[in-house]
Amino acid sequence: MGNTGRGDTEVSAAPLDPSRTSLTSRVAYGAGWIVGGRFVMGMFGFLNTIIVARLLAPEDFGLVAIGVTAMQLLTNISDIGVSQAVIRFRDADRADLDTLFTLSALRGGLIALVMVLAAPLAVTFYHDQRVFWVFVGAAMHPLLLGLVNPRFFEFERNLDYSKEFFALIVNKIAGVVISIAIAVIYRSYWAIILGLVSSAAVQLALSYVMQPYRPRISFRSFRRILDFSGWLTGVGFMAALNNKLDSMILARVIGKAGAGVYFIGQQLSELPSREIAVPITRAIYPGLSELQGDPARMRAAFLRGVEALGAIAMPAAIGFALVARDLTPLLLGDKWLAAVPVVEIMTPVMGVQMPLMATQYYAMALGLTKLVFIRELIFFLVRTPVFVWASIEHGLVGAAWAVAATGLVHIALNLALYARASGDSALAPMWRARRSIASSAAMAALLILLRRIGLVESAEPVIRLCAEIAAGAGAYIAVHAAFWRLEGMKDGVERSILHLGEQLLARARR
């Protein structure tokens, strides 16, 4: 889309590659770049987690979790959705971009100031002087990201994810190198904080190098931005309360070491969604935004995304939970065994949630951010008292069960949001993912049966892990293929995967 006369033409979108005019093809192509980037980033991040977790103590992670969680909480509750606004406003001009930059910079500076001012209060609350410097160090992250060039997000709007792939890899490598170096040399919690800060600094620099632009301080498009981002800020506020308070609550209730164990368990639990579902979902959003004038095609595109997420991300999450007992100590060491129940309890429900991750973006592409806010508000009113009660009464395991139980509530809220936004049946997304749900259930049943009959229990952990992964993957693929064949091998995610495989094989032969 080019400029529509709303201002300077210097920031009009670059033309799309004519070789990929099909929206579905461009979304799939973009998803490939994002998933590839996230995979490489995930490998570096996982390596970083393994090394740093072996060098630092659980208490160090609990300590950092307090400051980083506070920073993330403030970041989320003040989110104005710069990237979402650039994608939504396909005719964005200089006035829009400068206003977005101004608001983002002010927000970053305000978050940093609040973090510094809150540091002494946090020291008093947690009775630990180190918390002060954790808060001050974490304040640098939002300060730097607040200055990121808004034009950088035009790459995402135009589904040109190869540029973002490069930027993600470079800033991730920078963060990992700094983090591991400090952990090896000093064995200090500063390894985690400075890793985050250095990654943000590189991201800031690359945003201007890769997409030259000189932003100005401006509020000319404040009204237009507010119409879209006002409710989105409310969504960020509620989402932050739902997702970022856990470690802070647990650090007070069960201590910093217990909070550190929960933090690592949560990071592992979110690994499949972070590395698989989120990249696919991000690729879907610009495509939905492009179809905002055609509700029928937009709904069909969303349901195709649900099917893809169900086929790929759901079994990955459920399978990850089933092998966590061997995988966690193998990667992180025996001192993190206490995190295994957290992964086993929370991850399966997250897997069922994954096909619906794009629901929020579907509503946002339609401009229905108010409905997304209402969803998050209801979820907060349900989740928070349950989590606090379970943590006090049952400790770490109780907290994990609270997250899992309220995750089912979130699934119901997402289905209701889809029905309200689309006018379709609330159960349509689950029906679209029916083969993946049935196949994931069959995979889980097989692995549980193998344990019950003791077929692999006597093997070494590494051999048992490999055997369970092979058995689970084989069962999932076989059952999925059988259901697809029974349904007449209709067009769906299976055919898309086969087509992709054929293309890759043809390229390999060439």
Side-chain angles (χ1 to χ4, degrees), residues 42 45-62 64-65 246-247 249-251 253-276 314-354 387 390-391 393-407 440 443-452 454-473:
F46 210 43
L47 177 65
N48 180 62
T49 300
I50 292 170
I51 295 175
V52 174
R54 287 181 176 274
L55 293 173
L56 303 184
E59 185 175 350
D60 291 322
F61 279 88
V64 172
D246 296 1
S247 294
I249 293 171
L250 289 173
V253 174
I254 63 176
K256 289 187 284 294
V261 170
Y262 177 86
F263 179 78
I264 287 294
Q266 186 180 43
Q267 293 296 305
L268 292 174
S269 298
E270 294 174 351
L271 189 64
S273 64
R274 189 169 60 246
E275 306 304 334
I276 301 175
M314 184 192 304
I318 294 174
F320 189 85
L322 292 167
V323 300
R325 60 170 183 168
D326 292 323
L327 189 59
T328 302
L330 178 66
L331 295 175
L332 304 182
D334 290 339
K335 66 181 178 181
W336 294 102
L337 278 171
V340 172
V342 176
V343 179
E344 292 178 329
I345 294 168
M346 290 168 49
T347 314
V349 177
M350 291 184 182
V352 181
Q353 289 177 288
M354 285 181 194
F387 184 86
S391 302
E393 294 295 325
H394 304 285
L396 182 65
V397 174
W401 277 114
V403 173
T406 54
S440 297
M443 175 187 68
L446 175 64
L447 292 181
I448 293 171
L449 178 62
L450 291 177
R451 291 183 184 179
R452 291 286 176 87
L455 191 60
V456 294
E457 292 303 298
S458 59
E460 291 294 323
V462 175
I463 296 175
R464 185 170 61 202
L465 177 64
C466 294
E468 289 184 336
I469 291 175

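Quick caveat: nothing in here was measured; it's all calculated off a predicted structure. Computation of the quantities below employed the complete heavy-atom set of this structure, encompassing side-chain atoms and omitting hydrogens, waters and symmetry-equivalent molecules.
- Minimum heavy-atom separation, Gly395 to Ile254: CA-CG2, 4.1 Å.
- Ala402 approaches Ala390 most closely through the heavy-atom pair CB-CB, 3.8 Å.
- Residue Ile318 comes nearest to Ser440 through the heavy atom pair CD1-CB, 3.8 Å, listed as atom of the first residue, atom of the second, then distance.
- Taking 4.5 Å as the limit, some side-chain heavy atom of Asp326 sits within range of a side-chain heavy atom of Glu468.
- Classified by interplanar angle (parallel below 30°, tilted 30° to 60°, perpendicular above 60°), the ring pair Phe61/Trp336 is perpendicular.
- Considering all non-hydrogen atoms of both residues, Ala400 and Val342 come closest at CB-CA, 4.1 Å.
- Closest of all the heavy-atom pairs between Pro348 and Val343 is CD-O, 4.0 Å.
- At a threshold of 4.5 Å between non-hydrogen side-chain atoms, the residues Phe387 and Ile249 count as touching.
- For the pair Thr328 (side chain) and Arg325 (backbone), a donor-acceptor distance under 3.5 Å is absent.
- Ile469 contributes atom CD1, which lies 12.0 Å from atom CZ of Arg464 (distance to the nearest 0.5 angstrom).
- The structure places CG of Leu268 at 6.5 Å from CD1 of Ile264, a figure rounded to the nearest 0.5 Å.
- Other residues, nucleotides and ligands contribute over 12 non-hydrogen atoms within 6.0 Å of the CD atom of Glu393.
- Contact detail for Met354 and Met314: the closest heavy-atom pair is SD-N, 4.3 Å.
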Review point. Phe263 and Leu250: side chain to side chain contact (heavy atoms under 4.5 Å, CB included), yes or no, with the steps?
Key: CA-CA 10 Å; Phe263 179 78; Leu250 289 173; over 6 Å; no
